[in-house]
Amino acid sequence: MTTPLLQFDAVSRVFQTPVRGEVRALNNVSLQCHEGEITCIVGPSGCGKTTLLRLAAGLDQPSAGTIQIGATRTMLLTQEGALLPWRRVIENIELPLALRKLPRAQRRKRAMEILEAVHLPADVAMSFPHELSGGMRQRASLATALAAEATMLLLDEPFQGVDESTRTKLVGQTLELCKQQGRTILLVTHDIEEALSLADVLVVMRHGGTTTRTRIDLPHPRNRLGREFEQALLTVRAELANAPS
Amino acid sequence: MKHLPRILIASILPAAIVAVWVVAADRSPIIPAMGEVWAVLCDPFAAPKFLDTTSLGHGVAISLLRVALGLGLAVVVGIPLGVAMGISRSVRDALSPMVSVMVAVSPIAWLPISILIFGLTSPATLLAGHDAWEYDTLDRLRFAVVTIIALGSLGPILLNTSAGVRHVRESWCEQVRLLGGGRWEVFRHAVLPGAMGSIVTGLRLATAIAWRVIVAAEIFPGTQSGLGCMISSAHEVGKYEYAFAAILAIAAIGLGLDALLRLWETRTNHWRRKERG
């Protein structure tokens with residue numbers, strides 16, 4: 001067993017809201033993500049998945065429990081993408097390199113290499129994020145995360161707004177790239193099939209608490225029409241249906 | 001050819017004004033002929049006859065310098081304070097009443113008080129004391145006038161900077177933080193560019209106010225140069241061709257400054273408009 005890059009121990013997060021009073025977004029959640037693994041969290045909308053990712057990114061603090069982040073750098077990619085809208089694509093990719101004080105000439109060269117690695121054509125470099133399609137924007141966001149040398153990627157339904165065929169390709173390429181570079185992934189989705197086809201570990205979550213953590217031992221690439229996949233899918237669906245609300 | 005109807009419509013009002021001017025100049029001894037005004041505009045550095053002021057060109061330069069100095073002062077004070085107001089609620093609460101007063105009171109109303117405080121001091125007084133008159137141009141940039149331009153420009157700069165900073169999305173700041181940026185990098189790479197569109201809008205409003213205030217301030221007795229001074233001197237001796245030439249120069253410079261700042265504003269805001277779709 002590898003060392004956990006991320007560990008949640010009995011973590012709760014409570015928000016005070018003016019209308020609904022105290023809202024418990026996470027309740028006593030324990031979770032581990034190991035180096036190089038893909039952990040997928042599935043669950044319905046509003047079950048606390050995004051809160052969990054923000055805590056994992058260090059952008060929020062828990063109300064109770066402890067979080068240990070072993071990753072040197074985490075990156076959060078959401079549906080909105082992770083690009084600053086006033087910077088060109090290449091300038092976005094260069095930003096983490098600039099923050100690491102890499103010389104200007106090396107920055108541009110490295111950014112162009114990363115752009116190619118995420119399968120974006122070179123002419124996209126000088127475009128602004130709003131000039132790109134949803135899929136291209138997500139690739140550019142991924143390129144920024146790679147430039148930041150994030151050891152752990154936190155993906156919050158990042159491919160949601162993208163059409164089906166692009167999405168399949170994008171998910172496949174993202175994971176292949178991350179696997180090649182040994183990055184750890186924590187992916188949140190409400191698409192059970194997608195989670196099952198990608199995950200090394202599948203966590204089913206429902207309204208504030210993790211319910212089950214299952215290791216998926218099916219070989220990659222997974223055949224969504226295969227019998228074992230079907231069986232695993234039925235099990236997860238049943239777990240989701242039976243999970244306490 | 002496509003734009004011809006629009007050009008024609010846009011030309012109607014200026015053509016009507018010219019026509020009224022020609023007729024009025026013909027019938028009134030006060031309204032100067034277009035040719036006389038044109039002659040002043042064509043020779044801007046000629047000393048004006050019978051007027052107790054400098055040439056039109058010199059007046060333009062002095063007015064622009066006064067505006068630049070006052071506006072510069074407002075930028076140096078207003079942008080950091082506006083950023084502080086945008087970031088901190090306490091600073092906003094502390095400064096808001098003062099900003100409201102500043103916006104509500106016409107800057108010209110402060111001029112007598114400003115003269116009382118600063119008297120005839122100028123950057124030249126700081127440099128040479130009693131020999132300030134040796135630095136002619138610097139001596140004309142009286143602190144009393146520069147201060148009221150700064151006061152008039154400060155309101156829009158403060159309010160727009162503060163609003164721009166308040167509307168910076170938290171996700172942009174978080175993004176820079178996740179990429180490895182500290183407080184200064186978050187400010188430099190997220191807060192400042194995110195608020196820049198609003199800051200430039202504030203600068204554009206401030207420049208328009210400063211340009212209007214300077215003319216009014218220069219009309220005030222005691223000022224010896226500048227476009228406003230030329231208008232009041234021309235009125236005193238009835239040489240209205242100088243007043244008209246100064247008014248046309250004020251309009252042209254005002255339009256030019258506004259066009260430049262609008263271009264800058266469009267450039268800094270381009271991503272915001274596209275993002276909204």
Side-chain angles (χ1 to χ4, degrees), chain A residues 50 53-60 69 71-89 91-102 107 111 114 127-132 134 137 140-156 158, chain B residues 79 82-83 86-87 89 93 160-204 260-277:
Chain A
T50 299
L53 284 194
R54 288 183 58 78
L55 287 167
L59 295 173
D60 196 6
I69 304 172
T72 47
R73 189 169 305 292
T74 54
M75 269 302 290
L76 177 63
L77 301 190
T78 63
Q79 205 177 318
E80 276 182 24
L83 302 171
L84 298 173
W86 54 85
R87 296 180 82 102
R88 294 175 192 276
V89 168
E91 292 167 346
N92 266 291
I93 303 171
E94 281 175 355
L95 181 57
L97 305 173
L99 292 174
R100 288 212 311 271
K101 315 272 183 230
L102 207 70
R107 245 183 266 168
I114 296 171
S127 304
F128 285 97
H130 62 255
E131 294 168 339
L132 306 181
R137 245 197 322 265
S141 298
L142 179 65
T144 308
L146 294 179
E149 296 192 349
T151 42
M152 183 159 195
L153 289 179
L154 307 165
L155 310 177
D156 188 3
Chain B
I79 293 182
V83 169
I87 292 172
R89 198 186 171 89
D93 289 344
N160 280 276
T161 305
S162 159
V165 169
R166 273 205 318 279
H167 290 117
V168 166
R169 280 190 213 161
E170 187 52 34
S171 63
W172 298 335
C173 301
E174 288 176 353
Q175 170 67 10
V176 177
R177 230 172 279 146
L178 285 174
L179 290 174
R183 283 168 74 106
W184 164 245
E185 281 87 6
V186 169
F187 176 73
R188 186 177 154 211
H189 296 294
V191 177
L192 205 56
M196 191 47 93
S198 190
I199 294 173
V200 176
T201 303
L203 271 179
R204 193 180 154 203
L260 276 177
L261 286 163
R262 199 165 44 198
L263 192 73
W264 189 19
E265 193 183 20
T266 312
R267 281 178 175 234
T268 48
N269 269 326
H270 74 103
W271 56 272
R272 205 179 282 275
R273 270 192 285 274
K274 301 274 172 49
E275 242 200 351
R276 281 193 211 117

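Hydrogens, waters and symmetry mates play no part in the numbers below; they use all other heavy atoms, side chains included. First the proteins, then the strands, lettered A, B, ... as listed; each starts at 1.
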How many angstroms lie between SG in Cys173(B) and CG in Leu59(A), if you round to the nearest 0.5 Å? 11.0 Å
Side chain, backbone, both or neither: which part of Thr268(B) has a heavy atom under 4.5 Å from chain A? neither
Among Ala98(A), Ala82(A), Ala147(A), which has the most heavy-atom pairs under 4.5 Å with chain B? Ala82(A)
Closest contact, heavy atoms only, Trp172(B) versus Pro85(A): NE1-CD, 3.6 Å
Single hit among His130(A), Glu131(A), Arg88(A) for side chain to side chain contact (heavy atoms under 4.5 Å, CB included) with Trp271(B): His130(A)
The interface call for Arg100(A) against chain B, heavy-atom contacts under 4.5 Å, is neither
Rounded to the nearest 0.5 Å, how far does CG of Leu84(A) lie from CD of Gln175(B)? 5.5 Å
Nearest 0.5 angstrom please: Trp86(A) CH2 to Leu192(B) CG, how far? 9.5 Å
Within a reach of under 6.0 Å around CZ of Arg267(B), are more than 12 heavy atoms found that belong to other residues, nucleotides or ligands? no
Determine, step by step, whether His270(B) and Phe128(A) satisfy the side-chain contact (heavy atoms from CB on, under 4.5 Å) criterion, reporting the C-alpha distance in whole Å, the side-chain angles of both residues, the deciding distance to 0.1 Å, and the verdict. CA-CA 10 Å; His270(B) 74 103; Phe128(A) 285 97; 3.3 Å; yes
Of all the residues in residues 178-188 of chain B, which have a heavy atom that comes within less than 4.5 Å of a heavy atom in chain A? Leu178(B), Leu179(B), Gly180(B), Gly181(B), Glu185(B)
Under 4.5 Å from a heavy atom of chain B, the part of Thr78(A) involved: neither
Picking from Thr144(A), Leu76(A), Leu99(A), which has the most non-hydrogen pairs under 4.5 angstrom with chain B? Leu99(A)
Separation of His189(B) NE2 from Arg87(A) CZ (nearest 0.5 Å): 6.0 Å
Residues at least two apart in sequence or cross-chain that pass side chain to side chain donor-acceptor pair (under 3.5 Å) with Arg107(A), listed by chain then number, are none
